[in-house]
Structure formats: C-alpha cells, structure tokens
Amino acid sequence: MNSQSKKMELLGSASIPKALLAMGIPTMIGMLVNAFYNLVDAYFVGGLGESQMGAISVVYPLGQVVVGLGLLFGNGAASYISRLLGRGDKENADKVASTALYSSVSVGAVIIIISMLFLHPILKLLGATDSILPYAATYAGIYIVSCIFNVFNVTMNNIVTSEGAAKTTMCALLMGAVLNIALDPLFIYVFDLGVAGAAIATAISQLVSTCVYLTYILRKKSVFHFKIKDCTYTKEIMSEIFKIGIPTLVFQILTSVSISLINNAAGDYGDSAIAGMGVVTRLISMGSLSVFGFIKGFQPIAGYSYGAKKFDRLREAIKTSIVWSTVFCVIFGLVLALFPTAIVSQFTKGDTEMIRIGAASLRANGISIMLFGFYTVYSSLFLALGKGREGFILGACRQGICFIPVILLLPMLWGLNGILYAQPIADVLSAVITVFMALPLHKKLNEMQKQTATINTNTNN
C-alpha cells in the first residue's frame, strides 16, 4: 500500500482511537512546541524589562491577524478537501488545494505591506504606551514582514493535515520551534540585539518550517500538485472555502481584538499589568493551541466520515475527541491554577506587581480552560461538516460574542479584577452556548443516518 492509500485508509476505515492518535498527536505535539517557543520568546524578552515584555504582547495580536489569512484559505480549504476526498472527488480537491495556497500568500503579502505602512498607528491602537512603542515598532518591523512565511506555513498545515499527513505538519512545526528556542538567547543576549533579536530568531524559524513544506511539495509526497494553472476561482469553490474560512478568520481577528482590549484596559494600571496579562495570554495559548492541534487531526476524520455518510464513525470520533481533549485541559488547568505565582515569576526579574496581577489571572484562567476541549470539539466540528453559520456563531463566542461585552463592562464595575476575570467568565458562557448548539446537531445527524439506512435498504431490495 503506497503512502497516499495509507492516508485515505487512515481517514476512512482505521479505528477511531488509531486515527485520532495518528492524525491528532503529531499535530498536537507540533503546535505544543510551537506555543512553547512563544513562551520562550516571552521568557528571554522578559529578562530585558517590563516595557520590552509589553512590546511583544502588543505586537502579538497583529501577527495573529496576518496569520489568520492563512487560516482563512487553509482551514476553509481543508474542510472542503476532506469532504471531497470522502466522496472520492480527487480532481476538485486538487484544485481547491492549489487555489487556497496561492491565494493566501498573495493576500498575505498585501496585508503585510499595508500593516508596515501604518505600523505606528496600529501599534497605538493595539495598546502600546509611549514607553512600549519604540520596542514594539522594532520588534514588529521584523516580525510582521516574516509573517509571509507563517501565512504559507499555516495554509500548508491545514491542507497537509486534511490529506492525512499529520507527521509532516509535526516535523515542520517542530523544526521551526526547536530552532527558535536555540536562537533566542543567541540573538537577544550574545549578539545584544534585544527585541530585534527575538524577531530575527522567529523569522529564521518560520523560514525553516516553510522549507520543510516546500520539500514535501517538490518531492511529490502530497496527494496534491499545487500548480498555479489549477487555481480555480469558481463560485462553488470560493463559497465553500469562504463559508468555513471566514468564520475562522473572524475568530482569529476576535482573538486579536480581545488581546488588544485587554492591553488597553490593563494600560491604565501600568506596563507591569500589560506584561502580566501578556504572560497569561501566552501560557493559556500553550494549552489552547495544543487542543487546536489535536482537533486538527479530528477535523479531517469528521469531514471525511460525514462526506462518506459513515455516521457511526463520526459519532465515535466526536465522543473520543471530547473525552481526550477534556482530560488534557483538566490536567493543564490544574497545573496553572495550583502554581500560578511560581509560573508567572519565571517571566520577570522580580516585578512583584506583574507577578501579583499575572498570578491572579492565571489561577482563574486555569480553572475555566478545563471547559475548552468540549467547546473546541464542537466549534471545529461544525466547520468540518461545512456548517459555516453555526461554526461562525460558536467560534465567535469565546473571544467575541461573550468576551467583548464582558471586557468592556466589567472593568468599569470591578476595576482590575474585571480585566483578570473577563476571559474565564466568557469561557463559562461559551460552554453553556455549546451545549444548546450541540443538541440539535446530534438530532440532525441521527435523522440523516436513518435516511441513509432507508435508501441503502431500498437499493439492496
């Protein structure tokens, strides 16, 4: 059996635990290490001072918006590709993959140019204070340009995972992350480049990940060919990409908006508050990205099973993914909730105010993130099944629909505590909404399964 046949066997007929382990764990490890090197950035930059730490916290949401373009095309295409492969339509799947890759890089380049032209106003909007702005501009000037590699990487991450090659994604993320961890202290301290050194280390690491994916394409390991002539902008293909990709992009933008709102609200309490909340954001991202990585493996299995009308397989994948991701979130959340002070203190030379603020927020977020696995399985499931509207609503809950009203209102009523507990409150509200959206979905799947069984019975007779 060749490698491409093995990929299809994994998506369509391997046992669910085996498929999830093979698809989800490599991607989870890759994204976990990827999140870890963001923490390493914060650790080494934190040694430079609170303003420098605040600078990378301010730039972070801008980078997330740019990377969101990769998710727009990559995640949108991946959902459609999985369903096409489930139906055996390899020709159109190939066109979708090529269209997504070249479109994401082109649009990403345009957005990066616009961001650089208006960099200072954007950084101010994202919460940069006068003391943070110079460092933020230095870091962003390098980091945002290098995001063109990350746009390519994120798009390929989704497409490659959709065809069952999760190990390639793991290798790409792993190599970039390990290199970044090694280069950070070298460029920041040995070469004495400060925040610019952190940005250069990240840029080189992203380039290496890009080279891994390019090698995968050029050696023809992929199911797809990625030819410019295969780019097809038909109404059907673009609507399928956008109905899933736009909710994903909106989710990414809302994540950036939420971080910016936190930075702006925390700015009233000084650079230490911005730095403390920045550390919490990166720590929570480490757990959430790990879950996202695992669910990346679940999505193509769900989409393929749905396209092939294998509803028992789909239902088992949902149940297993919820249990496994929740167990991870509970363990991760307990570590954060039980040892917040010790964890946050690793990211500063001894700023007691930053430690106090960060630890209080981390404790609350550690408890609420225990609900994250359940929420993420269903927000991803709707998108995997091509249900863009429901996926949009649920995906927008945690960082938008539930979070934005809370972060705007609560600090006025509760001061600094309103900032610290805004995300945990939004997490609980999002989990409640998930329950009410999941019940009708399961009812609909049961009805479709009965209809399919009836058609098969009549056909056989």
Side-chain angles (χ1 to χ4, degrees), residues 1-12 14 18-37 67 70-71 73-82 84-86 90 93-94 96-102 104-105 108 148-181 204-227 230 248 289-304 380 384:
M1 184 182 293
N2 60 36
S3 61
Q4 294 185 5
S5 297
K6 288 180 180 179
K7 293 172 186 175
M8 294 304 100
E9 188 270 338
L10 194 64
L11 290 174
K18 177 183 177 180
L20 285 175
L21 287 172
M23 295 285 292
I25 297 303
T27 317
M28 179 179 179
I29 291 173
M31 295 194 77
L32 178 61
V33 176
N34 197 46
F36 182 68
Y37 88 63
V67 171
L71 288 170
F73 291 99
N75 204 38
S79 173
Y80 191 30
I81 286 169
S82 295
L84 288 171
L85 292 176
K90 165 67 173 58
D94 205 34
V96 173
S98 297
T99 303
L101 181 60
Y102 290 106
S104 67
V105 173
I148 190 63
F149 301 123
N150 215 6
V151 170
F152 176 88
N153 295 341
V154 169
T155 306
M156 282 299 298
N157 179 328
N158 284 272
I159 293 174
V160 169
T161 302
S162 75
E163 62 175 287
K167 288 183 179 179
T168 300
T169 294
M170 180 184 73
C171 289
L173 293 173
L174 204 57
M175 288 182 67
V178 170
L179 184 61
N180 192 80
I181 291 169
I204 294 173
S205 303
Q206 290 174 351
L207 175 59
V208 168
S209 294
T210 298
C211 290
V212 173
Y213 284 123
L214 286 174
T215 301
Y216 180 76
I217 294 172
L218 296 175
R219 292 183 64 189
K220 302 187 185 302
K221 295 289 186 180
S222 175
V223 172
F224 311 113
H225 299 111
F226 299 106
K227 296 178 180 178
D230 285 338
T248 307
L289 285 175
S290 299
V291 175
F292 278 131
F294 175 72
I295 299 304
K296 284 291 181 187
F298 159 74
Q299 275 189 303
I301 296 170
Y304 190 100
S380 301

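Bear in mind the structure is a predicted one, so any value in this text is a computation, not a measurement.
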Any side-chain to backbone donor/acceptor pair from Y213 onto V154? Under 3.5 Å, distance only. no
Any donor-acceptor pair under 3.5 Å from T210 side chain to Q206 backbone: yes
pair F152-L214: side-chain heavy atoms closer than 4.5 Å: yes
Would a 4.5 Å heavy-atom cut-off, applied to side chains only, mark T99 and D230 as touching? no
So, for S205 and G176, which heavy atoms are closest and what is the spacing to 0.1 Å? CB-O, 3.0 Å
Return yes if some donor-acceptor pair links the side-chain N/O of E163 with the main-chain N/O of S222 below 3.5 Å, else return no. no
Does a side-chain heavy-atom distance below 4.5 Å link I301 with M23? yes
Say you draw a straight line from CE of M156 to CZ of F224; how long is it, rounded to the nearest 0.5 Å? 9.5 Å
Rounded to the nearest 0.5 Å, how far apart are CD1 of I25 and OG of S290? 10.0 Å
For V105 against I148, the heavy-atom pair lying closest together: O-CD1, 3.6 Å
State, yes or no, whether a side-chain contact exists between F298 and L20 at a heavy-atom distance under 4.5 Å. yes
What is the minimum heavy-atom distance between S79 and A384, and which atoms define it? OG-O, 3.4 Å
Might you point out which heavy atoms bring A93 and I81 nearest each other, and give the distance in Å? O-CG1, 4.0 Å
If you compare all heavy atoms of I159 against all heavy atoms of A97, which two are closest, and at what distance to 0.1 Å? CD1-O, 3.7 Å
Counting only N and O atoms by type, is there a donor-acceptor contact under 3.5 Å from the side chain of S82 to the main-chain atoms of G303? no
H225 backbone acceptor or donor facing D94 side chain under 3.5 Å: yes
In terms of heavy-atom contacts, T155 and L101 come closest through CG2-CA, 3.9 Å
Rounded at 0.5 Å granularity, tell me how far OH in Y102 sits from CZ in F73. 14.5 Å
Is the closest side-chain heavy-atom distance between T169 and K296 below 4.5 Å? no
Atom pair CG/CG of L207 and N150 - distance to nearest 0.5 Å: 11.5 Å
Just wondering, do N75 and Q299 contact through their side chains at under 4.5 Å, heavy atoms? yes
